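What follows is a set of notes on a single structure, which appears directly below.
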Amino acid sequence: MKKTVVTVVGHDTVGIIAKVCTYLAGHNINIEDISQTIIQGYFNMMMIVDTSKSDVKAEQISKDLAAIGDGIGVIIRCQHEDIFNMMHRI
């Protein structure tokens, strides 16, 4: 399994989850875990996804989701689980 961490941050708007999940499903990327919250109008979501059966490479997934984020006014970042863990280690 190739786990990837997807984070989405920005002003809350209609369709954020729908657009991200539609992209993931369209490329056979399974959502393993998801957490989202809205605090005073700010949307924050973190997903753990499995990209092992995806028809696109990690670099392309990251670019595509960043472009989707640009289109809806949020920041979407993708990082392989190992990189995410190393960056957030104390």
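It should be emphasised that the depicted structure is a prediction, and the values quoted were computed from it without experimental measurement.
- Note that CD of Q79 is 6.5 Å distant from OG1 of T7, once rounded to the nearest 0.5 Å.
- The closest side-chain heavy-atom distance from V6 to L65 is below 4.5 Å.
- Contact check for C78 versus V5: no side-chain heavy atoms found under the 4.5 Å cut-off.
- The cluster map of Ile, Leu, Val, Met, Phe, Trp and Tyr, joined by side-chain heavy atoms under 4.5 Å apart, puts I38 and I75 in different clusters.
- Remark: side-chain polar atoms of N44 are not paired, donor with acceptor, to backbone N or O of V9 under 3.5 angstrom.
- Between N30 atom CG and K53 atom NZ the span is 8.0 Å, to the nearest 0.5 Å.
- Listed by chain and residue number, D55 satisfy the side-chain hydrogen bond (donor to acceptor under 3.5 Å, both in side chains) test with H27 (two or more places apart in sequence, or in another chain).
- Interatomic distance, CD of Q40 versus CG of D12, reported as 13.0 Å (0.5 Å rounding).
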Show me the side-chain donor-acceptor pairs of residues 15-24 shorter than 3.5 Å, one per line, residues at least two apart or across chains.
| residue | atom | partner | partner atom | Å |
| --- | --- | --- | --- | --- |
| T22 | OG1 | A18 | O | 2.6 |
| Y23 | OH | D64 | OD2 | 2.7 |

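- Closest non-hydrogen pair, E32 versus D50, comes out as OE2-CB, 3.6 Å.
- A distance of 4.0 Å separates OG in S54 from CD1 in I29, rounded to the nearest 0.5 Å.
- By the side chain to side chain contact (heavy atoms under 4.5 Å, CB included) test, S35 pairs with no residue at all, sequence neighbours left out.
- E59 is not listed as a side-chain neighbour of I61, based on a closest heavy-atom distance of 4.5 Å or more.
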Practice task
Assess whether side-chain contact (heavy atoms from CB on, under 4.5 Å) is satisfied between T13 and F43, documenting all intermediate values.
Solution key: CA-CA 8 Å; T13 188; F43 179 87; over 6 Å; no

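- The shortest distance between side-chain heavy atoms of Y42 and H11 falls below 4.5 Å.
- In terms of heavy atoms, V8 sits closest to V74 at CG1-CG2, 3.7 Å.
- Side chains of I34 and M46 form no contact here, defined as non-hydrogen atoms less than 4.5 Å apart.
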